[in-house]
Amino acid sequence: MTYEIVWSDGAIDHLAALNERHPEAAALITAGVYDLAANPRPANASRLGGSDVYRLLLGYYRVLYEVQDKTVTVDVLSVGRSDRAR
């Protein structure tokens, strides 16, 4: 089953700003997010608490997203810098 990727306005804005300063990081994040369509719960993602929100770590960047199994979507909530690399 393939999930649809849905970007929040804030995530798009952060990714666009990052692309201006660090295009290679923006490309890494974009590829990582679109990989979620095939596997929304990869090994390098961790669930936050008891919610359906996950944190995906990609190098020094993180993506917060929510998996919606009923609508088969991955909602990208936030993109930003992480304190540690993975």
Side-chain angles (χ1 to χ4, degrees):
M1 175 176 5
T2 301
Y3 284 70
E4 179 183 358
I5 304 298
V6 179
W7 294 81
S8 72
D9 291 339
I12 289 172
D13 291 343
H14 287 129
L15 186 63
L18 181 62
N19 189 50
E20 290 180 16
R21 296 185 315 271
H22 303 287
E24 66 288 343
L28 174 71
I29 291 168
T30 301
V33 166
Y34 283 103
D35 285 346
L36 296 173
N39 180 11
R41 296 173 182 91
N44 60 332
S46 57
R47 193 172 186 175
L48 300 180
S51 70
D52 288 328
V53 176
Y54 288 80
R55 178 181 57 225
L56 176 65
L57 294 175
L58 301 164
Y60 281 100
Y61 298 91
R62 53 134 175 81
V63 177
L64 296 180
Y65 66 96
E66 188 171 14
V67 178
Q68 303 287 341
D69 289 316
K70 288 183 181 180
T71 58
V72 193
T73 59
V74 172
D75 299 326
V76 181
L77 307 173
S78 175
V79 173
R81 182 126 169 99
S82 179
D83 293 337
R84 60 180 191 239
R86 288 271 171 137

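Predicted model only: the values in this text are computed from it and were never measured.
- Considering all non-hydrogen atoms of both residues, Leu58 and Gly32 come closest at CD1-CA, 4.1 Å.
- For residues 37-46, the set of pairs meeting the salt bridge (charged side-chain N to carboxylate O under 4.0 Å, His left out) definition, not counting sequence neighbours, comprises Arg41-Asp69.
- Between Thr2 and Val72 the shortest heavy-atom distance is O-CG1, 3.4 Å.
- Residues Leu57 and Val53 are members of separate hydrophobic clusters, defined by side-chain heavy-atom contacts under 4.5 angstrom among Ile, Leu, Val, Met, Phe, Trp and Tyr.
- Evaluation of the side-chain contact (heavy atoms from CB on, under 4.5 Å) rule for Ser78 yields Arg62, Leu64 as partners, not counting sequence neighbours.
- For Tyr3, there are no ring pair (Phe, Tyr, Trp, His ring centres under 6.0 Å) partners two or more places apart in sequence or in a different chain.
- Residues that satisfy the side-chain contact (heavy atoms from CB on, under 4.5 Å) test with Thr73, not counting sequence neighbours, are Glu4, Val6, Gln68, Thr71, Asp75.
- Residues passing the side-chain contact (heavy atoms from CB on, under 4.5 Å) test with Asp52 are Arg47, Glu66, sequence neighbours excluded.
- Residue pairs meeting the ring pair (Phe, Tyr, Trp, His ring centres under 6.0 Å) criterion with at least one member in residues 35-59, sequence neighbours excluded, are Tyr54-Tyr65.
- Val67 and Trp7 fall within a single hydrophobic cluster, where Ile, Leu, Val, Met, Phe, Trp and Tyr are joined by side-chain heavy atoms under 4.5 Å apart, directly or via other members.
- Taken together through direct or relayed side-chain contacts under 4.5 Å among Ile, Leu, Val, Met, Phe, Trp and Tyr, Val63 and Leu28 form part of one hydrophobic cluster.
- Here the closest heavy-atom approach between residue Leu56 and residue Pro42 is recorded as CD1-CG, 4.0 Å.
- The side-chain contact (heavy atoms from CB on, under 4.5 Å) test applied to Asp35 returns no partner, not counting sequence neighbours.
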Distance-only check: which donor-acceptor pairs under 3.5 Å involve side-chain atoms of residues 9-22, not counting sequence neighbours?
from: His14; atom 1: ND1; to: Gly10; atom 2: O; distance (Å): 3.0
from: Arg21; atom 1: NH1; to: Ala17; atom 2: O; distance (Å): 3.4

